Amino acid sequence: MSETNFPLELKLRIDWSELDLFGHVNNVMFMKYAQAARVNYWENSGIYSELKKNKVGPMLVSVACQFKKQLLYPGNVTVRSGMEFIRNTSFSIHHKMYDDQGDLVAEAQDVIVMFDFNKNEKTAVPQVMREAAEKLESRKLS
């Protein structure tokens, strides 16, 4: 994905409690940052409103993270997020995390399935959600 395919940006303050014994941000916190960015994407693309309206929404299947550079306190982490793909019942969001100097510190990838909580089964990504994501991304997704 190119830099232009990361339409959402979320800036988060690093808290002292997020540090590990060595004084850098603990690896678990990167999952927290990816989660915050994932929910931000869901809210901005209309995916979350579909869940509230019809009880059809996202369910996280997997998350992976590649660490590039340690992240230190005090400071902020900026997470840029974009859709990698949309398939019939699933989609993937890619996150790039940067420190205050603009250095890439980690990348994470989420795989999410659309789930009908009424029927307790996965379901197709609704067309209205696909269109909303494509509008947010300013490109055709497949």
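The structure displayed is predicted, hence computed values, not measured ones. If you read the sequence from its start, that first residue is 1, and numbering goes on from there.
- Taken together through direct or relayed side-chain contacts under 4.5 Å among Ile, Leu, Val, Met, Phe, Trp and Tyr, Tyr48 and Met59 form part of one hydrophobic cluster.
- Taking 4.5 Å as the limit, some side-chain heavy atom of Glu43 sits within range of a side-chain heavy atom of Val39.
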Item to complete: Carefully, step by step, assess His95 and Arg38 under the rule side-chain contact (heavy atoms from CB on, under 4.5 Å).
Response: CA-CA 8 Å; His95 310 283; Arg38 179 171 52 249; 4.3 Å; yes

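- Both Ile86 and Trp42 are part of a single hydrophobic cluster, where members link through side-chain heavy atoms under 4.5 Å apart.
- Applying the side-chain hydrogen bond (donor to acceptor under 3.5 Å, both in side chains) definition to pairs two or more places apart or across chains, those involving residues 51-61 are Glu50-Asn54.
- Here the straight-line distance linking atom CD1 of Ile112 with atom OH of Tyr41 works out to 9.5 Å at 0.5 Å rounding.
- The minimum heavy-atom distance linking Gly82 with Phe6 is given by the pair N-CD2, 3.8 Å.
- The distance from atom SG of Cys65 to atom CD of Gln109, rounded to the nearest 0.5 Å, is 8.0 Å.
- Remark: side-chain polar atoms of Glu137 are paired, donor with acceptor, to backbone N or O of Met83 under 3.5 angstrom.
- The CG atom of Leu136 lies 4.5 Å from the CG atom of Leu8; values are rounded to the nearest 0.5 Å.
- For the pair Asp100 (side chain) and Asn76 (backbone), a donor-acceptor distance under 3.5 Å is present.
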Could you pull out all donor-acceptor pairs under 3.5 Å where a side-chain atom in residues 9-17 meets a protein atom, sequence neighbours excluded?
residue: Glu9; atom: OE1; partner: Arg80; partner atom: NE; Å: 2.9
residue: Arg13; atom: NH1; partner: Asp15; partner atom: OD1; Å: 3.2
residue: Asp15; atom: OD2; partner: Ser17; partner atom: N; Å: 3.0
residue: Asp15; atom: OD2; partner: Ser17; partner atom: OG; Å: 2.5

Worksheet item: Hey, mind stepping through Val105 and Phe30 against side-chain contact (heavy atoms from CB on, under 4.5 Å) and telling me if it holds?
Response: CA-CA 10 Å; Val105 296; Phe30 288 85; 4.0 Å; yes

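- The structure places OG of Ser81 at 12.5 Å from CG of Asn5, a figure rounded to the nearest 0.5 Å.
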Worksheet item: Phe91 and Ile47: side-chain contact (heavy atoms from CB on, under 4.5 Å), yes or no, with the steps?
Response: CA-CA 11 Å; Phe91 58 96; Ile47 293 171; 3.8 Å; yes

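- Sorted by first and then second residue, the ring pair (Phe, Tyr, Trp, His ring centres under 6.0 Å) pairs involving residues 106-142 (not counting sequence neighbours) are Phe115-Phe117.
- Side-chain heavy atoms closer than 4.5 Å link hydrophobic residues (I, L, V, M, F, W, Y) into clusters, and following such links, even through other members, never connects Val63 to Leu71.
- Under the salt bridge (Lys or Arg N to Asp or Glu O under 4.0 Å) criterion, Asp103 pairs with Lys69, not counting sequence neighbours.
- For Lys68, the side chain to side chain contact (heavy atoms under 4.5 Å, CB included) partners two or more places apart in sequence, or in a different chain, are Gln66, Leu104, Glu107.
- Met97 is connected to Phe67 through a chain of hydrophobic side-chain contacts under 4.5 Å among Ile, Leu, Val, Met, Phe, Trp and Tyr, so both are in one cluster.
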Taking only distance into account, with no hydrogens and no angle test, what donor-acceptor pairs under 3.5 Å do side-chain atoms of residues 126-134 form with protein atoms, sequence neighbours excluded?
residue: Gln127; atom: NE2; partner: Glu131; partner atom: OE2; Å: 3.3
residue: Arg130; atom: NH2; partner: Arg87; partner atom: O; Å: 3.0
residue: Glu134; atom: OE2; partner: Leu141; partner atom: N; Å: 3.0

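- The closest side-chain heavy-atom distance from Leu19 to Val25 is below 4.5 Å.
- Nearest heavy-atom pair, Leu72 versus Gly23, reported as atom, atom and distance to 0.1 Å: CD2-O, 3.9 Å.
- Without hydrogens or angle criteria, Thr89 side chain to Thr123 main chain gives no donor-acceptor distance under 3.5 Å.
- Taken together through direct or relayed side-chain contacts under 4.5 Å among Ile, Leu, Val, Met, Phe, Trp and Tyr, Met114 and Val61 form part of one hydrophobic cluster.
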